[in-house]
There are 2 protein chains.
Amino acid sequence: MSINPRDDASRGAPPERGASTNLSTILRRVHRSGPASRAELTRETGLNRSTISGLVGELVERGLVVEVEPRSTKQVGRPSPVVQASPQVLAVALVPEVDAVTIGLVSFDRQVIRRVRFETESIPTVREAVVIARALFQGMRDGLGPEYRIAGIGVAVPGLVRAVDGFVRWAPHLDWRDEPLGALLEEATGYRVFAANDANLGARAENLFGAAAEASNILYMNGGPSGIGGGIIVNGELVGGAEGYAGEFGHNRVAAPTDSEVTDGELEASVSQNRLLSVLGLRSASLDELEVALLASERPEVRAEVHRQLGVLSVGVRNMINILNPEKVVLGGFLGVLFDFETAYFLDLLEANTLAPSWESVTVVRAELGSDLLLVGAAELVFDGVVARAEL
Amino acid sequence: MSINPRDDASRGAPPERGASTNLSTILRRVHRSGPASRAELTRETGLNRSTISGLVGELVERGLVVEVEPRSTKQVGRPSPVVQASPQVLAVALVPEVDAVTIGLVSFDRQVIRRVRFETESIPTVREAVVIARALFQGMRDGLGPEYRIAGIGVAVPGLVRAVDGFVRWAPHLDWRDEPLGALLEEATGYRVFAANDANLGARAENLFGAAAEASNILYMNGGPSGIGGGIIVNGELVGGAEGYAGEFGHNRVAAPTDSEVTDGELEASVSQNRLLSVLGLRSASLDELEVALLASERPEVRAEVHRQLGVLSVGVRNMINILNPEKVVLGGFLGVLFDFETAYFLDLLEANTLAPSWESVTVVRAELGSDLLLVGAAELVFDGVVARAEL
DNA sequence: GGTGATAAGTAGTGAGTCACAACATATCCG
DNA sequence: CGGATATGTTGTGACTCACTACTTATCACC
């Protein structure tokens, strides 16, 4: 161990392509964790005051951060100006779904400043989605002052997307197969496009701004109306795998001793929002409605179904805890509802079946981010690049 | 995408704690991929000739690399001296097992230059293992010239080890529980100690020098006499998880439709070397003997057992392929034997059950490294630090 | 065996990042 | 209002590395 624990920031860093490591470090800090005074940045990075001064100045010049009036801290000493990510640097977030195309504008300081959900009569094709996106985008852009700058477009796709070029391999519920979404969108808008799996982006968003904000090893599982997806974060980075298809938990086979009924099926055949709804006698419901209905119901079949689903889910989760030794397990969508409804039951199942050391280092929580989850996650695809390059 | 694809090496890098990024880059290159001429380094890193000259000179001065006579390349132009990792920088590798303690000396240029296997009468306790290690180490050290320098000690532990301090949480077959192995060894030897799970280190070794040398997203599963372990490599880095306990595949529950017998058991209860041996009528065997016996046997029960085990294994592997989207799946130990024995059968099972895009990006191979696997992997724990700091 | 083409090492200069020290400035507290 | 404290600012120097020009070593051909 080194004697001096602080500071792994670098000295005398690279001219490179205009992207100093420390420039990125500061940018990442103010983007992810919010505004900070120069003095705080100095302490956190271990860099020198004068260096911070220079770096912040550079970032201000590039229009990526703004400095605002010092907070009145009632402290002695000269007040330190507060640095924050510029609210005028924007990312466009696009979320195609079976019944709508949603587009949002997310600012570099993590505000969703605009959002439009455009409902479609039928499931949109890729071309339709691109046309709609372009139209919505144009409408938004026109209402924006020239002081705003758009860094790119991020897309959350409910399916398998190739990371390098945003090529959609398979999005079952949209019935898209091998569609060049990224290329089409770039052509239509002229902006750089980044696309990824929606659940992966959910994991990322929860990591940055939600239930797993402090952790860097995370298992995220999300239950939606049409299946179960997830994302894994290792050492603070989203696991994409070879091409970006990682995170497909839903199709896994798990053996659940508590579930005699469906033993050789896939996880999402057994743990399913529809089955939950049907036990409750509902045809469709929002998550809130589902939660209310669950709490209101006192019928034993309902509880039995919840227990059955949690039993199966627990096997999938425990497998992943043994394999990944995460710090946090985050459950989103209806999985979060199930978890909140029978927390102790679920945790007991997990504790009984995971290896003790791994169990000790993990906490299981419900997801925190609501409807903006995917917009924020998709925007983050764009901002990732901005932070890394300290440009645009 | 940037116009200039080459070169993400840095310019004007940090004075830091004496560890320039580029110094590490060169060191990593010659350590992992073997000797390279200065000219090759120049091309591969994108750095300037003069920079390479300076960096190599610095590394020579620090005693981490040596320059040898240029290879006669039959090429025009001035011959370029060949740079290689110094064979005089050593790591001590330690492998405690149920019936022996093995210690090895591995040089920075990846040669196992010495190895001693010390058989024990009974399962060694932690203290016994430390005493044995110390004695063996002293013996080795005395036979070594003063020109050799030891960078530290790496330990491959068959169990759960806390990454930060080498504290053994649980090593079932050694019957060690909560033992401060790292601290004891450091005290006994005076060298820095790094410890990790044996299967994790196997994954690392196969990644660096074996069957998955070019890949950076890898699933490694190893079948030993006492169970199944594994390691995951994501973006070129071993996944340790929160504390280093990641990779415990063996205790997972998988549902295998082909295995009516053991549906709710753990993977390693169903896929087991012992069960294989017992079908073959053997009590114990080395991997080679096992392989020979398998090939020699023509009894249908044997093939049935192989198919049953591969069927269960395939479920575990397909789950991980869906989740991780790896480039390579590497099967070691008796899993490798099973795989080689019925390759087509296993691959067909996998193909039928993994998501097509993920299946397209993966290749399944048998592990390549033999008995030196763990020594090399353990040494790598030590060399990792040397490469990162470009020191010691 | 000399000569030119080619490839690579070497030396000097300059640019970029950052630490450090000295100084300037803003706030709190008595 | 003045001292204590914390922070911003400026100037200098250290360090890494690119670039240019020059030198050196080999091959190939005559």
Item to check | Between B:His31 and B:Glu380, a side-chain donor and acceptor under 3.5 Å | outcome: yes
Item to check | A:Ser80 side-chain N/O to D:dT7 phosphate OP1/OP2 under 4.0 Å | outcome: no
Item to check | Closest-nucleotide 5' rank along DNA chain C - winner of B:Arg43 and A:Asn48 | outcome: B:Arg43
Checklist entry - Between atom CG in A:Leu55 and atom P in D:dT9, what is the gap in whole Å? => result 13 Å
Checklist entry - Which residues satisfy the side-chain hydrogen bond (donor to acceptor under 3.5 Å, both in side chains) test with B:Ser86, sequence neighbours excluded? => result none
Next on the checklist: Going by side-chain contact (heavy atoms from CB on, under 4.5 Å), name the residues that satisfy it together with B:Glu368, two or more places apart in sequence or in a different chain.
Outcome noted: B:Glu206, B:Ala211
Nucleotide N/O to protein N/O under 3.5 Å, stretch nucleotides 21-24 of chain D:
{"residue": "D:dT24", "atom": "O4'", "partner": "B:Arg78", "partner atom": "NH1", "Å": "3.4"}

Checklist outcome for this item: Across all chains, not counting sequence neighbours, the ring pair (Phe, Tyr, Trp, His ring centres under 6.0 Å) partners of A:Phe194 are none
Checklist entry - Got a sec, which residues hit salt bridge (charged side-chain N to carboxylate O under 4.0 Å, His left out) with B:Glu58, two or more places apart in sequence or on another chain? => result B:Arg62
Checklist outcome for this item: Separation of C:dA8 atom C1' from B:Glu67 atom CD, nearest Å, is 12 Å
Checklist entry - Taking only residues two or more places apart in sequence or in another chain, which ones pass salt bridge (charged side-chain N to carboxylate O under 4.0 Å, His left out) with B:Asp384? => result B:Arg32, B:Arg204
Checklist entry - Base, sugar-phosphate, or nothing: which does A:Ser50 touch, judged by heavy atoms less than 4.0 Å apart? => result base
Checklist entry - Taking DNA chain D as the partner, which of residues 33-41 of chain A come within under 4.0 angstrom of it by heavy atom? => result A:Arg38, A:Ala39
Next on the checklist: From CD of B:Glu58 over to C1' of D:dT16, roughly how many Å is that when rounded to an integer?
Outcome noted: 11 Å
Checklist outcome for this item: In short, B:Thr189 meets B:Leu185 closest at the heavy-atom pair OG1-O, 2.7 Å
Next on the checklist: Among residues at least two apart in sequence or on other chains, which ones pass ring pair (Phe, Tyr, Trp, His ring centres under 6.0 Å) with A:Tyr191?
Outcome noted: A:Phe137
Donor-acceptor list for residues 47-56 of chain B side chains, cut-off 3.5 Å, not counting sequence neighbours:
{"residue": "B:Asn48", "atom": "OD1", "partner": "B:Ser50", "partner atom": "N", "Å": "3.0"}
{"residue": "B:Asn48", "atom": "OD1", "partner": "B:Ser50", "partner atom": "OG", "Å": "2.9"}
{"residue": "B:Ser53", "atom": "OG", "partner": "B:Arg38", "partner atom": "NH1", "Å": "3.3"}

Checklist entry - To the nearest angstrom, how far is B:Ile52 atom CD1 from C:dG9 atom P? => result 9 Å
Checklist entry - Of the nucleotides C:dT27, D:dC17, C:dT10, which one has an atom closest to the side chain of B:Ser53? => result C:dT10
Next on the checklist: At less than 4.0 Å, is any side-chain N or O atom of B:Asn22 found next to OP1 or OP2 of D:dC17? Yes or no.
Outcome noted: yes
